[in-house]
Amino acid sequence: MAAQAQKANAPSRELLEKLFRTAYKIRVFESEGIKLYRQGLIRGYFHPYLGQEGIATGVCAALQEGDFIASTHRGHGHCIAWGADVKRMVAELLQKETGYCRGYGGSMHIADIRAGNLGANGIVGAGTPLGVGAALANQIKGNDAVTVTFSTDGASNNGTFLESLNLAAIWNLSYVLVVENNQYAVSTRIEESTRDVDLYKRGLAIGVESHQVDGNDSLAVYHLMQDAVEKCRRGEGPILIEAKTYRHMGHHVNDPGKYMPADTLAYYKERDPVDRARNALVEIVGLDQAEIEAIENEIKQEFEDAVEFSKASREITLAEFNEFVEAY
Amino acid sequence: MAAQAQKANAPSRELLEKLFRTAYKIRVFESEGIKLYRQGLIRGYFHPYLGQEGIATGVCAALQEGDFIASTHRGHGHCIAWGADVKRMVAELLQKETGYCRGYGGSMHIADIRAGNLGANGIVGAGTPLGVGAALANQIKGNDAVTVTFSTDGASNNGTFLESLNLAAIWNLSYVLVVENNQYAVSTRIEESTRDVDLYKRGLAIGVESHQVDGNDSLAVYHLMQDAVEKCRRGEGPILIEAKTYRHMGHHVNDPGKYMPADTLAYYKERDPVDRARNALVEIVGLDQAEIEAIENEIKQEFEDAVEFSKASREITLAEFNEFVEAY
Amino acid sequence: MAREIMYRDALREAIDEEMERDSTVFIIGEGIAERGGSYKVTEGLLSKYGPKRVRDTPIAEAGMIGVGVGAAIAGARPIVEILYIDFAMLGMDMIVNQAAKFRLMTGGDGRVPFVMRTQGGTGGGVAAQHSQSLEALFYHIPGLKVVMPSTPADAKGLLKYALRQPDPVMFLEHKHLYMTKGLVPDGEHVIEFGKGDIKRPGKDVTLIAWSNMIPRTLEAAERLAAEGIDAEVIDPRTLVPLDKDMILGSVAKTNRAVIVQEAVRRGGVASDIASIIQEEAFYQLDAPIEIVAGLNIPIPFNLELEKASVPQVDDIVLAVRRTLHSKPLAQAAE
Amino acid sequence: MAREIMYRDALREAIDEEMERDSTVFIIGEGIAERGGSYKVTEGLLSKYGPKRVRDTPIAEAGMIGVGVGAAIAGARPIVEILYIDFAMLGMDMIVNQAAKFRLMTGGDGRVPFVMRTQGGTGGGVAAQHSQSLEALFYHIPGLKVVMPSTPADAKGLLKYALRQPDPVMFLEHKHLYMTKGLVPDGEHVIEFGKGDIKRPGKDVTLIAWSNMIPRTLEAAERLAAEGIDAEVIDPRTLVPLDKDMILGSVAKTNRAVIVQEAVRRGGVASDIASIIQEEAFYQLDAPIEIVAGLNIPIPFNLELEKASVPQVDDIVLAVRRTLHSKPLAQAAE
Ligand SMILES: Cc1ncc(C[n+]2csc(CCOP(=O)(O)OP(=O)(O)O)c2C)c(N)n1
Ligand SMILES: Cc1ncc(C[n+]2csc(CCOP(=O)(O)OP(=O)(O)O)c2C)c(N)n1
Ligand SMILES: [Mg+2]
Ligand SMILES: [Mg+2]
């Protein structure tokens with residue numbers, strides 16, 4: 001989570017490894033999580049971040065402790081990139097008392113409020129005002145924290161987009177709105193939802209510095225974000241970043257996603273963000289296959305341990321619940 | 001309300017007289033209405049349209065029977081330009097049974113639903129979705145009606161702006177959003193509410209043809225609107241028109257408007273829309289003072305008659321009300 | 001004659017028949033056109049009625065509802081589908097301040113034949129923002145009709161009626177009911193608002209419930225029958241207008257009432273029905289009216305806690321027993 | 001010692017003192033900074049605390065409320081002023097789905113010390129969209145505190161408490177009360193939530209009211225006193241949490257209750273309080289609980305009709321008389 005000092009051109013091994021580790025950890029979490037879902041261990045909604053890993057990875061690498069994030073219904077990736085403990089994440093999905101929300105929240109509400117992660121949200125678009133609010137709180141407290149809301153193409157057609165980004169603008173908040181444009185809202189193509197698919201223009205129209213980036217390129221996202229964060233800390237926020245990307249599967253675990261054209265899917269899979277992060281490590285810093293595998297195995301092991309931990313954890317008891325109800 | 005066929009260059013006497021009559025009628029209605037308010041004959045809210053007459057005047061001159069309008073809390077001008085009966089308007093403000101809403105609505109809800117005026121609205125921004133809905137109904141019915149929402153600078157920062165204009169856009173509705181940018185929301189200057197005061201850009205950002213016009217020039221508004229209406233009837237809607245203007249006084253009758261800088265106010269008063277409509281009639285068509293006065297006296301008389309009529313009207317009885325309550 | 005079909009199919013039949021009958025009926029919602037809706041209620045309508053009358057929307061609930069209200073005012077017959085009742089909160093202004101009030105504000109001239117279809121209730125781990133039962137919010141707003149069908153036949157008949165009457169209707173389905181089956185009469189089947197239905201006649205106690213609490217209450221009634229308690233189960237079907245006569249008639253007979261609602265206890269519709277019964281049938285009551293309702297808490301993700309948050313069959317049975325063991329007033333007053 | 005000040009001044013004192021005490025308290029709203037607010041509650045705060053902590057906003061209620069909730073989650077103490085409670089409908093998602101549920105959804109870790117100040121009620125011709133009493137909507141949502149002060153002292157003490165406790169508070173003022181006067185204690189004056197106040201002790205009948213119905217109910221009580229009827233007037237002050245003990249204690253003494261609310265009858269808070277009383281004090285009631293409430297209709301512009309739509313002193317007096325003339329149950333049961 002520590003901000004990186006150096007600029008483009010020669011990315012350090014440290015940075016590239018960090019990007020790959022994060023992207024890969026998300027990939028493992030989602031792929032293995034889907035298996036747990038299919039085994040019936042996870043219920044409710046599960047929206048995988050597969051294919052979009054580059055965004056959370058690049059964005060969070062440019063943030064530091066004390067910053068805040070707010071997320072979407074597709075929030076596992078943001079949570080991981082933010083540095084969450086995979087154990088407590090899996091435990092939450094398995095509705096265990098050791099989960100981040102003690103099993104009260106689940107996938108759609110996973111949060112780590114103590115670390116400045118305001119959490120996933122079941123209401124599309126709701127993370128924007130919440131994030132702007134966190135930025136406002138930090139401005140009032142007088143610190144230099146930056147707040148990021150991860151948002152979506154779907155949320156960009158919702159009123160909260162305009163209202164809250166406009167508030168961030170008139171108040172010059174240290175706020176970055178990251179619009180993950182994966183070009184779908186469930187099965188609805190972005191072209192059906194708006195006439196202009198370049199969503200960053202909506203920021204420009206209200207005087208907000210706005211950029212577009214390839215969301216599958218975690219390094220590009222990182223550099224753009226690093227610049228945005230610096231500007232914010234100088235009081236030149238807010239900034240909007242539209243990151244184009246594509247899902248690797250349907251909207252949620254049970255959506256086969258048949259409506260996604262095979263050739264478009266293939267196009268994006270060729271530009272897989274995890275592969276690209278791995279390749280960068282191999283090509284730019286020269287890691288060999290064994291080194292890569294060591295990293296991958298470590299991450300896989302971390303997930304397996306998390307499953308063990310979660311299975312061994314207990315659920316909230318009815319007595320504990322009743323106490324909570326009384327106090328609510 | 002009949003659409004004019006001819007284009008710019010040589011405006012007809014008919015058109016110019018119509019524009020002046022409408023603008024002047026609004027001027028009289030508001031100035032005299034304020035007196036009734038001060039006499040205690042009108043209660044609740046009264047938001048005068050003084051200074052903004054050019055917009056409703058120009059817009060409605062380009063519409064025809066069968067079209068629809070939706071209005072704002074500052075709705076008298078739209079109502080009059082739409083061709084409403086001044087008698088029933090005054091009666092409504094005086095809460096009489098002969099009023100457009102039988103005294104149930106008042107200034108903020110004055111409507112003439114049978115003639116396609118969806119009415120004023122007490123909720124800033126609400127007219128936008130309602131107008132888009134009327135346009136949708138007409139598209140479904142397959143007629144060529146155009147619907148206009150009169151909206152405001154204030155409403156442009158509200159979520160309904162983005163959500164409903166975007167719906168109008170993806171459905172290619174015959175819809176014109178007229179943003180009356182009078183540069184204030186009560187006492188809040190537009191510069192405090194947004195970084196970019198050119199509101200038409202928000203239409204452009206979502207692929208909507210958008211224009212800016214001097215709202216104090218009813219003829220310019222008319223021409224732009226005529227073009228927009230033609231495009232809509234050809235299926236090329238929606239269109240956004242931002243009309244810049246300025247109030248001649250505070251936000252409502254009881255607001256002295258001290259926050260409005262004297263020089264800016266003077267600037268706009270020099271460009272008074274009623275004077276300009278009158279001057280056009282004198283300069284372009286050559287009407288003399290006597291002819292102008294005849295028109296003005298006729299309109300003043302119409303208002304006086306309306307007051308007489310309204311004073312002589314009765315209010316809804318409690319028995320009638322109870323019947324309404326039972327049926328509600 | 002009648003056919004046994006699913007609740008979701010009954011809804012589709014109603015929409016289909018009314019779209020056929022009235023060319024101004026149209027439907028908009030998220031994923032309702034090409035995909036046929038998250039609960040398959042609108043499957044096949046796009047190909048039958050075309051993209052003008054069956055439209056997908058962006059994620060813009062306030063806009064969708066507002067546009068529906070405007071279309072209704074302008075003389076069309078919109079159905080706006082909101083995926084979850086929870087999301088209707090985004091469009092509350094359009095419901096509360098526009099749809100519900102337009103008729104009054106126009107002195108009676110303006111009408112809003114607008115139907116919002118949505119679904120609520122708990123559904124197995126979808127957590128706090130996708131599990132609410134919010135009918136009480138609409139119930140409190142004058143001008144709205146509130147409909148909560150519990151069976152396929154009621155769903156069909158009430159939705160058809162909704163599309164023929166002039167006022168805004170909150171048509172509230174339940175996520176657990178879509179795949180339940182029931183007999184639906186053949187041919188034209190329309191059910192007027194304001195007429196409750198006795199789902200089970202009985203003489204010992206009046207049970208009032210709606211939506212997904214009906215199957216649970218009927219199950220409770222069967223268990224009580226085994227104990228020799230003969231419960232009458234009343235489904236008002238429409239909460240506004242409410243069939244007070246049916247409720248008061250039943251209480252006059254049984255002298256005891258239990259109201260079952262999935263929504264949270266505090267400020268729910270059950271409280272209002274209780275207040276009406278105690279006001280109008282005070283001298284007929286032999287025991288306090290019992291309310292079996294959701295806990296005053298958002299719905300937790302954890303499934304056991306979710307279950308504990310809303311009424312189960314056991315809770316209903318226990319409440320009825322409590323009611324019957326209460327001493328009659330005449331004794332108490334002595 | 002105490003001073004006689006206006007309700008609006010009492011509110012300003014509370015905000016001022018809490019802003020002084022806690023540097024994370026801030027306030028946003030339409031026209032609240034330079035103009036000092038439509039009801040002059042925030043006058044002078046801008047010059048004292050500066051534009052960082054006292055901010056005007058665009059007309060974006062959902063955004064304002066949402067931003068307030070976010071700021072609260074992130075550790076500040078926002079006050080969001082919404083001009084009319086009617087406009088809060090635009091921010092319902094943020095209130096219902098975010099503010100109220102965050103604590104539960106985070107398993108207790110997340111708290112939302114957010115205060116929304118707004119005002120409701122009829123006010124002389126401001127019509128359907130500016131006259132509502134909508135407390136019942138918030139009352140029904142678990143996680144929200146609902147506060148409705150009727151006097152300057154209560155306004156001050158409760159607002160100060162609101163700014164020190166960890167949950168979202170709907171602080172509902174009344175447009176008719178801003179310029180009413182009352183004694184407010186000098187020095188630190190904080191009133192805990194959940195403690196009702198007996199505004200007039202009495203023994204014959206319990207009258208429960210809040211907000212602007214308190215002055216009317218007190219007036220009714222005086223008129224009843226002249227008839228020899230000694231009414232106790234209870235102001236719960238906070239509807240959530242509700243001081244059930246005080247209400248039940250009073251009913252145990254008087255055996256009769258009348259609840260007065262400005263909001264419409266159907267589904268109002270009065271119904272819920274009635275349901276609680278009948279449930280917990282059934283055997284102590286000598287007559288049905290009367291509810292005096294608004295008609296089930298949006299508020300008309302016409303002033304006579306507006307008056308007819310909400311409870312007046314006469315209505316309260318009549319209801320109390322009806323209650324007292326009801327035959328006690330013991331007799332009725334015979
Ligand atoms: C306000 C709201 N409306 C509808 C939904 C149902 N819903 C959940 S995810 C989703 C699609 C979201 O698409 P997008 O915002 O682009 O995010 P993505 O799923 O592509 O990450 C919808 C419609 C919701 N959760 N909230
Ligand atoms: C949703 C909403 N918020 C606040 C108000 C209170 N209000 C009435 S008019 C007004 C200012 C409106 O400014 P603008 O929209 O620019 O219209 P103008 O008065 O300038 O015509 C405000 C804040 C309202 N009526 N509705
Ligand atoms: Mg998307
Ligand atoms: Mg303005």
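Just so you know, these numbers come straight off a predicted model, no measurement behind them. Convention: sequence-line order gives letters A, B, ...; per-chain numbering from 1.
Contact of the A/E163 side chain with the B/N158 side chain is registered, since non-hydrogen atoms from C-beta on lie closer than 4.5 Å. Proximity of B/I170 to A/E192: side-chain heavy atoms (C-beta onward) are nowhere separated by under 4.5 Å.
Neither the backbone nor the side chain of A/S164 has a heavy atom closer than 4.5 Å to any heavy atom of chain B. Heavy atoms of A/F161 lying under 4.5 Å from chain B belong exclusively to its side chain.
Considering CG of A/L204 and CG of B/L204, their distance stands at 11.5 Å, rounded to 0.5 Å.
Of the listed residues (A/S193, A/G203, A/S156), the one with the most heavy-atom contacts under 4.5 Å to chain B is A/S193. Each of A/T160, A/D196, A/N157 has some count of heavy-atom pairs under 4.5 Å with chain B, and the biggest count is that of A/N157.
The side-chain contact (heavy atoms from CB on, under 4.5 Å) test with B/R195 is passed by exactly one of A/N166, A/I206, A/N172: A/N172.
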